[in-house]
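Quick notes on the structure that follows.
Each chain gets a letter, A, B and so on, in the order the sequences are listed, and its residues count up from 1.
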There are 2 protein chains.
Amino acid sequence: METLIDVQRKLLPDLLDVMQNRYRILQNVRYLQPVGRRSLSVNLQQTERVLRAEVEFLNQQGLLKISPQGMTMTDEGNHVLLELEEVMKQVSGLHVLEQQLMEKLNLEDVIIVPGDSDRDSWVQRDMGKACITRLMPLLKAKRKIAVTGGTTIAAVAEMMTPMTKKNQPLFVPARGGLGENVENQANTICSTMARKASGEYRLLHVPDQLSEESYQMMVEEPGVKEVLDLIRSAEIVIHGIGEAETMAVRRKSSTEVLEKVQANHAVAEAFGYYFDQIGNVVHKVKTVGLQLDDLTEEKTIFAVAGGSSKANAIAAYMKRGPRQVLITDEGAAKSLI
Amino acid sequence: METLIDVQRKLLPDLLDVMQNRYRILQNVRYLQPVGRRSLSVNLQQTERVLRAEVEFLNQQGLLKISPQGMTMTDEGNHVLLELEEVMKQVSGLHVLEQQLMEKLNLEDVIIVPGDSDRDSWVQRDMGKACITRLMPLLKAKRKIAVTGGTTIAAVAEMMTPMTKKNQPLFVPARGGLGENVENQANTICSTMARKASGEYRLLHVPDQLSEESYQMMVEEPGVKEVLDLIRSAEIVIHGIGEAETMAVRRKSSTEVLEKVQANHAVAEAFGYYFDQIGNVVHKVKTVGLQLDDLTEEKTIFAVAGGSSKANAIAAYMKRGPRQVLITDEGAAKSLI
DNA sequence: CTGGGTGGGACTAAAAAGGTCCATACAAAG
DNA sequence: CTTTGTATGGACCTTTTTAGTCCCACCCAG
């Protein structure tokens, strides 16, 4: 049995925003009464006009009284406030978390989905959906999307919905082979996404282990070069964040690398880079494609990672990473705070 | 402890309408799937365009799937529908009642407020508020309002809110003295309403008991005649409905009248007319003002009456009364069905 | 091939929301 | 008594959203 709020979140997501806003207004009126529109709007960080509309509504509903001295609560308003207190904790918990995370990690945006993907695997799918939803409005202006590998990003790909033919997106893998299983490789995910989005894609066919000379030659190959150019000019990047050791093991890295990762206390991994707790790059998988320095401010960068166990990794990566959008879950978010 | 829905009803009433609508759409899709926009819009009595917007939203939320064969439910959609069933009974219970009553009594509109004014006196105030809310949008086109007496209409007057100076309403009492106490007389209510609405008003000064000749003379008085003309040309009428015997007693009618009312099994009373169970007029208080035949289709007529004890009276009056707007409460509405 | 259904695009009219400014009223302070 | 700061409420304009209307491409069964 899900709670009513959860169902409403699906059926009318903006309802909760409106509700939360009106709740905040009432809270503030109660605290500051009698108070005028102007000072209230400063407190709530809203323009006077929109606040006015809300206040007039609340007045009409009889939840607050509006007089030449300012606004005051009515009994009914106080009553509603009281009734809502418990509910709003539940409703706005995540919103509050989002705000906190956004400030703490200096992010462009944070989206938190309820649940913990460590515990429930379907939470990953929710993150995927949230990512797509956040992505959609951007696709009118941008269309080149670079994606990495990993199970989380694979979940994003699974949730991808087709988009209009007008702005067909173009997907490219962010970096060359990183040693993952085929279903978690960037190339695979890239093509899955493109198929589900009914968009185009290019693949990066670069073998995992090559000598320095071979790399140089590969890079000069026309087919490869074209994709590399696409990657660097991508306007959107979607990547996951992993725990360093887990990733190193999963990629069957050499014991040498494994030891390096452990010796330097690497905790986070993102598109082939390993980071320690304070955000230093301690190791980098040798391959072509997007480099850390390529993640400039012009790109919109999505990091998708959830599960309380990954909180540490997220925190570490975000110390170094550029200003970006983080999509995570409640479990990770709570551990992060 | 009120339920969340009750609080939301106060805090965001229109969002609940939206929710109900989306719920209905999902219900119908489940029943008719696969179904196209067009046939769905016929079923739901909505224009195709607004339905389309909703459907696109529901699709994006993953609650239904939209394919060239038509729309079908997703698992998540079915799930949401299941979760909502219980809630919607509560949310839309009144809406359903409203629909039923509207059809059963052939009314223009029905508004039901939760509660039973027999049990809780504040329900009358809610009816008053509902009446005002329903009235407001009409005031741009119309401004002459005739009101009767009675405690219910007095409650409406109490809840009246001031309106813009642009369209100042003009209040007149619907009929002359009916023998009520002063606080429930049409004149008193009329002036109260006008004051609260910051509008104008005219009063009808006609003593209760007069001989036939005196009546004729009164009616020819310029001051009285002007008001009578206003009354007949009123565009809006607001009246209550009472139980016949109660009203006869409250008005201290002569035993003769009382016996007449009882002998003819009158059950309902409205603006001085007494009706029996099948809507016949069995008695009429002798006074000037609005006559039953004056209630034409051009006028918008509000009947405000609540409490399960009044259900019988409402039913009786509505058999005879013109097509109008009924504002009542849950108690009366449930008894009526 | 055709005729009914499907979704989706495009254009326009209408309505709502939001930004900005000002008139006015009230109360406390000078 | 006047001034000043605060309050609401009205007015007006621009922008955005919403809704109405048509029309097209498509699919599938008869």
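- Atom CG of A/Asn21 is separated from atom P of C/dA17 by 14 Å (rounded to the nearest Å).
- For C/dT6, the OP1/OP2 oxygens have a side-chain nitrogen or oxygen of B/Ser39 closer than 4.0 Å.
- Straight-line distance from the CD atom of B/Glu54 to the P atom of D/dT18: 10 Å, rounded to whole Å.
- For B/Arg37 and D/dG20, the CZ to C1' distance is 13 Å, given to the nearest whole Å.
- Side-chain atoms of A/Asp109 and A/Gln324 include no donor-acceptor pair closer than 3.5 Å.
- Put simply, CG on A/Asp14 is 15 Å from C1' on C/dA16, counting in whole angstrom units.
- Looking at which nucleotide of DNA chain C each of A/Thr47 and B/Gln69 is closest to, the 5′-most match is held by B/Gln69.
- Using a 4.0 Å cut-off between charged nitrogen and carboxylate oxygen, B/Arg30 and B/Glu85 count as a salt-bridge pair.
- Nearest to the side chain of B/Val50, among D/dG9, D/dA19, C/dT6, sits D/dA19.
- Rounded to an integer number of Å, the gap from CZ of B/Arg52 to P of D/dC23 is 15 Å.
- Between the P atom of D/dG9 and the CD atom of A/Glu56 lies a distance of 7 Å, rounded to the nearest Å.
- Considering only heavy atoms from C-beta on, B/Gln46 comes within 4.5 Å of B/Asn21 through its side chain.
- Look at CZ on B/Arg38: it is 11 Å from C1' on C/dG4, rounded to the nearest Å.
- With respect to B/Glu76 and A/Lys129, a salt bridge is recorded, a charged nitrogen being found less than 4.0 Å from a carboxylate O.
- Atom CD in B/Glu48 sits about 14 Å away from atom P in C/dG9, given to the nearest Å.
- Residue contacts shown for A/Val35 are limited to sugar-phosphate atoms, with no base heavy atom under 4.0 Å away.
- Judged by closest nucleotide on DNA chain C, B/Leu40 is the one of B/Leu40 and B/Arg49 placed further toward the 5' end.
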